[in-house]
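Each remark here refers to the structure printed beneath this line.
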Amino acid sequence: MTHTLAEEFPEQASRITELKLSDEAFARLAREYHKLNHEIEGLEACNQPIADADFESLKLRRHQLKEQIYKGWFNGQG
């Protein structure tokens, strides 16, 4: 399963595209999320050896970024 922002927030897909172009703070978080997600998916696809704690740390950071994006731009708390 992939975890792109558009897949995580399908109802916000067009807004995500708009925010990437118009809001530098959002764009920065989206780039970091994308890079981290790509790294995680690569590790999963290639069955790369990585310590469980390190892998869980990557996934936790991805979750934190997703929460930050949600709270900051999609639910009016930002």
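Quick caveat, the model's predicted, so the values are computed rather than measured. Basis for what follows: all heavy atoms, side chains included, without hydrogens, waters or symmetry-related copies.
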All salt bridge (charged side-chain N to carboxylate O under 4.0 Å, His left out) counterparts of Glu39, not counting sequence neighbours: none
Euclidean distance, His38 NE2 relative to Ile40 CD1, rounded to 0.5 Å: 11.5 Å
Straight-line distance of Ile50 CD1 to Glu44 CD, nearest 0.5 Å: 10.5 Å
Value rounded to 0.5 Å, distance of CD in Glu7 from OG1 in Thr2: 3.0 Å
Neighbour count >12 (heavy atoms, 6.0 Å) for atom CG, Asp52: no
Set of residues satisfying salt bridge (charged side-chain N to carboxylate O under 4.0 Å, His left out) with respect to Arg61, sequence neighbours excluded: Glu32
Pairwise side-chain contact, Leu5 with Asn37, heavy-atom cut-off 4.5 Å (strictly under): no
Any side-chain heavy-atom pair of Tyr33 and His3 under 4.5 Å: yes
Residues in side chain to side chain contact (heavy atoms under 4.5 Å, CB included) contact with His34, at least two apart in sequence or another chain: none
Pairs involving residues 19-30, ordered by first then second residue, that meet salt bridge (charged side-chain N to carboxylate O under 4.0 Å, His left out) (sequence neighbours left out): Glu24-Arg31
Arg62 side chain reached by Leu58 side chain, heavy atoms, under 4.5 Å: no
Parallel, tilted or perpendicular: ring planes of Tyr70 versus Phe9, cut at 30 and 60 degrees: parallel
Side chain proximity check, Ile69 to Lys66, heavy atoms < 4.5 angstrom: no
Pairwise side-chain contact, Phe74 with Ile16, heavy-atom cut-off 4.5 Å (strictly under): yes
Donor-acceptor contact present, side-chain Ser57 to main-chain Ala53, <3.5 Å: no
Distance in Å, Cys46 SG paired with Glu41 CD, rounded so as to fall on 0.5 Å steps: 11.5 Å
Spacing of CG belonging to Leu60 relative to NE2 belonging to His63, to within rounding of 0.5 Å: 7.5 Å
Salt bridge (charged side-chain N to carboxylate O under 4.0 Å, His left out) partners for Glu11, two or more places apart: none
Residues which pass salt bridge (charged side-chain N to carboxylate O under 4.0 Å, His left out) with Lys59, listed by chain and number, not counting sequence neighbours: Glu56
